Enquirer: 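Questions regarding the structure given below will be posed in turn.
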Amino acid sequence: MRKLAALLLVATLALTACSDAGQEGAQNAPARPEGSNGAPTASGSTGGLGAPVRVKVEVPSGLAAAPFNQDRYLQLPTGWKAAVYARVDKARFMALTPSGDLLVSQPGAGKVQLVRAGAVSEFAGGLRQPHDMVFAPVGGQMFLFIAESNRVVRYPYSNGDLKAHDGQVVVDGLPDTSTPELRGAYAHVLKNIAVHGETLYVSIASTCNACVEDTVSDPQRAAIYTYAAGGTNASRHLLARGIRNAEGLAFRPGTDELWIVVNNRDNTLVPDDRDVDGDGQSDKGKKMAQFVDDYPPEEFIKVRDGGFYGWPFCNPDPGKGLHDMGLLRDYELNRDGAKADCTKADPIDLGLPAHSAPLGLTFYNGAAIVPLHGSWNRTKPAGYKVLYVPWTANGPSDPVDLATGFVGADGKWWGRPVDAAIDTDGTILISDDAGGTVLRLTPPRAG
């Protein structure tokens, strides 16, 4: 489970004016504030959220530095509001404290900031690229776990703490740019974590776009490991592999299901004899923008112990739809199938837009909130928005847009969503590392 619900979420807040889905979340529960017992019923392309409308972002006095030195607008479901909650430079992942304050990581600055009543102060400093954070009780004591690039440290927490203290290393020696064999090169060095019961889950992302070296390293990269949450490097276990860059890790409420969102690879060659450009000839083995733009999909996966999810030898095949996708051989690294039998790889539960870069994953009101950071090399931008993924008995349904508008009419973005957290009043907080902002999205109240 990911973030800590400090208070019972307010039941009168609903995702639509007509929704009466209840919420669950107990004080001191070691999780992101998470969902209702039933998923919202999708309604057309809006997922039950209501038609999108253009909403001006409200900016409190003193927070109007760029990009809010001019009016900014988002497309939100009817009745929703948007406001600047805090300004935190290069804001990445977030965690709500048991006291209801907000923590925001700043990997580049080596800090975790605390936001209380609009004021921002340093909660922890001198860290090595801190990224993800989780509150969880272990042995009767509440701890804040912080994932640095080379280790995970936990800090005992008491309600009202304004500073981290008495840090204890839980896992050390994780690969990062200091690992000798990597010679300072690590493309996805930031770490993401989850804690469930007495177990710590750590995503060790790939060092590259696609390479064999990560599959034979120790520990394997592009993998998720588990550790005992109470001891240094205790009981290391390879949970799953073939996961290029799992950024969001979250347990679905009331279950032992670990779900993740994954940033997939770039520049994939055409894997078969399809005619991509329509000239009547096979384009197998070619690098073509028309193909790369939409292939392979990003991934939303329920992780199985012992699972293999393809990377770098197999890529998800969206040919029959984005749900329960099988995998195809990678033309460069597994052309003859000798490296991996892609027919035996675990299917991908849900595909998300290619190159959209899903980062955070937060369960909320019987659905999932997934911020998409945005593409860097697609012909037309993809991502730069926040998705709402309705949940069904069979898992995630088709995603719908919760918040768009981070890209202007000129094609330039002013914001890049990273993570989502649920405030104690049920509003959704969204971090934006490009705009240096935490936004608050407020749903309509039930009438």
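Fair warning: this is a prediction, and the values are worked out from it, not measured in the lab. In what follows, every heavy atom counts, from backbone to side chain, and hydrogens, waters and symmetry copies are set aside.
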Enquirer: Taking Thr179 for the side chain and Leu182 for the main chain, is one N or O donor matched with an acceptor at less than 3.5 Å?
Expert: no
Enquirer: Considering only heavy atoms from C-beta outward, does the side chain of Val389 approach that of Leu350 to under 4.5 Å?
Expert: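 Answer yes - side chains close enough.
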Enquirer: Between OG of Ser203 and NZ of Lys191, what distance do you get to the nearest 0.5 Å?
Expert: 8.5 Å
Enquirer: Flag the pair Gln129 / Leu190 as yes when at least one side-chain heavy-atom distance between them is below 4.5 Å, and no otherwise.
Expert: yes
Enquirer: Please check if the number of heavy atoms outside Lys287 that lie under 6.0 Å from its NZ is greater than 12.
Expert: no
Enquirer: Donor-acceptor check, side chain of Asn209 to backbone of Asp266, threshold 3.5 angstrom: yes or no?
Expert: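 Here the side-chain-to-backbone pair exists.
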Enquirer: Do you know which two heavy atoms are closest between Gly360 and Val261, and how far apart they sit?
Expert: O-CG2, 3.9 Å
Enquirer: Atom CG in Leu352, atom CG in Leu322: separation rounded to 0.5 Å?
Expert: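 It is 8.0 Å, given to the nearest 0.5 Å.
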Enquirer: Hey, is the main chain of Ala229 close enough, under 3.5 Å, to the side chain of Arg154 for a donor-acceptor pair?
Expert: yes
Enquirer: What's the shortest heavy-atom distance between Val370 and Pro358, and which atoms?
Expert: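 For Val370 and Pro358, the tightest heavy-atom pair comes out as CG1-CB, 3.8 Å.
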Enquirer: Does NZ or CZ of Arg241 fall inside the cone over Phe308's six-membered ring, less than 6.0 Å from its centre and within 45° of the axis?
Expert: yes
Enquirer: Could you tell me whether the side chain of Pro219 reaches within less than 4.5 Å of the side chain of Pro175, counting heavy atoms only?
Expert: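 Of all side-chain heavy-atom pairs linking Pro219 with Pro175, at least one is under 4.5 Å.
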Enquirer: Are Arg378 and Trp376 in a cation-pi setup, meaning NZ or CZ lies under 6.0 angstrom from the ring centre and within 45 degrees of the ring axis?
Expert: no
Enquirer: Mind checking the CG-CD1 spacing from Asp132 to Ile193? Nearest 0.5 Å is all I need.
Expert: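 The CD1 atom of Ile193 is 5.0 Å from CG of Asp132, to the nearest 0.5 Å.
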Enquirer: Where do Arg265 and Asn315 land on the side chain to side chain contact (heavy atoms under 4.5 Å, CB included) test, with the steps shown first?
Expert: CA-CA 9 Å; Arg265 63 164 296 180; Asn315 300 304; 3.6 Å; yes
Enquirer: Could you check whether Gln220 and Asp214, counting side-chain N and O atoms only, form a donor-acceptor pair closer than 3.5 Å?
Expert: no
Enquirer: Students often mix this up, so state it plainly: with edges at 30° and 60°, are the rings of Tyr201 and Phe251 parallel, tilted or perpendicular?
Expert: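 Correct class here is perpendicular.
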Enquirer: Closest approach of Tyr364 and Gly426, non-hydrogen atoms and distance?
Expert: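 Smallest interatomic distance, heavy atoms only, reads OH-O, 2.9 Å.
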Enquirer: Drop me the distance from Arg116's CZ to Leu102's CG, to the nearest 0.5 angstrom.
Expert: 12.0 Å
Enquirer: Is Arg92 salt-bridged to Asp419, going by a charged N under 4.0 Å from an acidic O?
Expert: no
Enquirer: Are Thr427 and Asp425 linked by a side-chain donor-acceptor pair shorter than 3.5 Å?
Expert: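 Distance-only check passes for Thr427 and Asp425.
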Enquirer: Side chain of Arg252, backbone of Phe363: donor and acceptor closer than 3.5 Å?
Expert: no
Enquirer: With heavy-atom distances below 4.5 Å as the criterion, would you say the side chains of Thr97 and Phe135 are in contact?
Expert: yes
Enquirer: Indicate yes or no for a side-chain donor-acceptor contact from Ser235 to the backbone of Tyr227 under 3.5 Å, with no hydrogens or angles considered.
Expert: no
Enquirer: Closest heavy-atom contact between Leu402 and Pro77?
Expert: O-CD, 3.2 Å
Enquirer: Checking Arg221 against Thr215: is there a side-chain donor and acceptor pair closer than 3.5 Å?
Expert: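 No, Arg221 and Thr215 have no side-chain donor paired with an acceptor closer than 3.5 Å.
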Enquirer: Hey, is the main chain of Asn263 close enough, under 3.5 Å, to the side chain of Arg244 for a donor-acceptor pair?
Expert: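 A pair under 3.5 Å: yes.
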Enquirer: Taking the side chain as everything from C-beta on, heavy atoms only, tell me whether Asp330 gets closer than 4.5 Å to Trp311.
Expert: no
Enquirer: Ignoring hydrogens and geometry beyond distance, is a side-chain donor-acceptor pair present between Thr379 and Asp293 at under 3.5 Å?
Expert: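 A donor-acceptor contact under 3.5 Å links the two side chains.
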Enquirer: With side chain to side chain contact (heavy atoms under 4.5 Å, CB included) as the criterion, how do Trp80 and Leu441 come out once you've worked through the C-alpha distance, each side chain's angles and the decisive distance to 0.1 Å?
Expert: CA-CA 7 Å; Trp80 286 63; Leu441 307 182; 4.2 Å; yes
Enquirer: Between Pro417 and Asp432, is any pair of side-chain heavy atoms under 4.5 Å apart?
Expert: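 A side-chain contact is absent here, since even the closest heavy-atom pair is not under 4.5 Å.
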Enquirer: Any salt bridge linking Asp433 with Lys90? Criterion: basic side-chain nitrogen under 4.0 Å from a carboxylate oxygen.
Expert: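 Salt bridge: no.
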Enquirer: Is it true that a side-chain atom of His188 and a backbone atom of Ser206 form a donor plus acceptor pair closer than 3.5 Å?
Expert: yes
Enquirer: Has the side chain of Gln113 got a donor or acceptor atom that lies under 3.5 Å from a matching backbone atom of Glu122?
Expert: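 Yes: the side chain of Gln113 pairs with the backbone of Glu122.
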Enquirer: When you check the side-chain N and O atoms of His355 and Asp294, is any donor under 3.5 Å from an acceptor?
Expert: no
Enquirer: Say whether, by atom type as modelled, one donor and one acceptor occur between the side chain of Tyr155 and the main chain of Ile146 under 3.5 angstrom.
Expert: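 No; zero donor-acceptor contacts below 3.5 Å.
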Enquirer: Between the side chain of Arg87 and the main-chain N/O of Ala65, is any donor-acceptor distance below 3.5 Å?
Expert: yes
Enquirer: With side chain to side chain contact (heavy atoms under 4.5 Å, CB included) as the criterion, how do Leu429 and Leu439 come out once you've worked through the C-alpha distance, each side chain's angles and the decisive distance to 0.1 Å?
Expert: CA-CA 6 Å; Leu429 303 176; Leu439 292 169; over 6 Å; no
Enquirer: Measure the CH2-CG distance between Trp259 and Leu361 for me, rounded to the nearest 0.5 Å.
Expert: 9.5 Å
Enquirer: Less than 4.5 Å apart, any side-chain heavy atom of Lys56 and any of Asp71?
Expert: yes
Enquirer: Does the side chain of His237 reach to within under 4.5 Å of the side chain of Thr199, using non-hydrogen atoms?
Expert: no
Enquirer: Would you say His323 and Asp349 are linked by a side-chain donor-acceptor pair, where the criterion is simply a distance under 3.5 Å?
Expert: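 Looking only at side-chain atoms, His323 and Asp349 do not form any donor-acceptor pair under 3.5 Å.
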Enquirer: Please round to the nearest 0.5 Å and tell me the distance separating atom CD1 of Ile422 and atom CD1 of Ile369.
Expert: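 The CD1 atom of Ile369 is 6.5 Å from CD1 of Ile422, to the nearest 0.5 Å.
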Enquirer: Using 30° and 60° as the class limits, which term best fits the ring planes of Phe123 and Tyr157: parallel, tilted or perpendicular?
Expert: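 If you compare the ring of Phe123 with that of Tyr157, the planes turn out tilted.
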Enquirer: Run Glu299 and Asn264 through side chain to side chain donor-acceptor pair (under 3.5 Å) and show every step you take.
Expert: CA-CA 7 Å; Glu299 299 168 342; Asn264 217 332; 3.2 Å; yes
Enquirer: Are Leu372 and Tyr384 close enough, and set up right, to give a side chain to side chain contact (heavy atoms under 4.5 Å, CB included), and what steps lead you there?
Expert: CA-CA 5 Å; Leu372 303 181; Tyr384 301 96; over 6 Å; no
Enquirer: Could you report the tightest heavy-atom contact between Arg151 and Val169, atom names first, then the distance?
Expert: NH1-CG2, 3.6 Å
Enquirer: So, for Asp176 and Ser149, which heavy atoms are closest and what is the spacing to 0.1 Å?
Expert: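 Asp176 and Ser149 have their closest heavy atoms at OD2-OG, 3.0 Å.
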Enquirer: Should Arg128 and Ser178 be marked as a side chain to side chain donor-acceptor pair (under 3.5 Å) after you check the CA-CA gap, both sets of side-chain angles, and the distance that decides it?
Expert: CA-CA 11 Å; Arg128 189 164 173 168; Ser178 67; 3.0 Å; yes
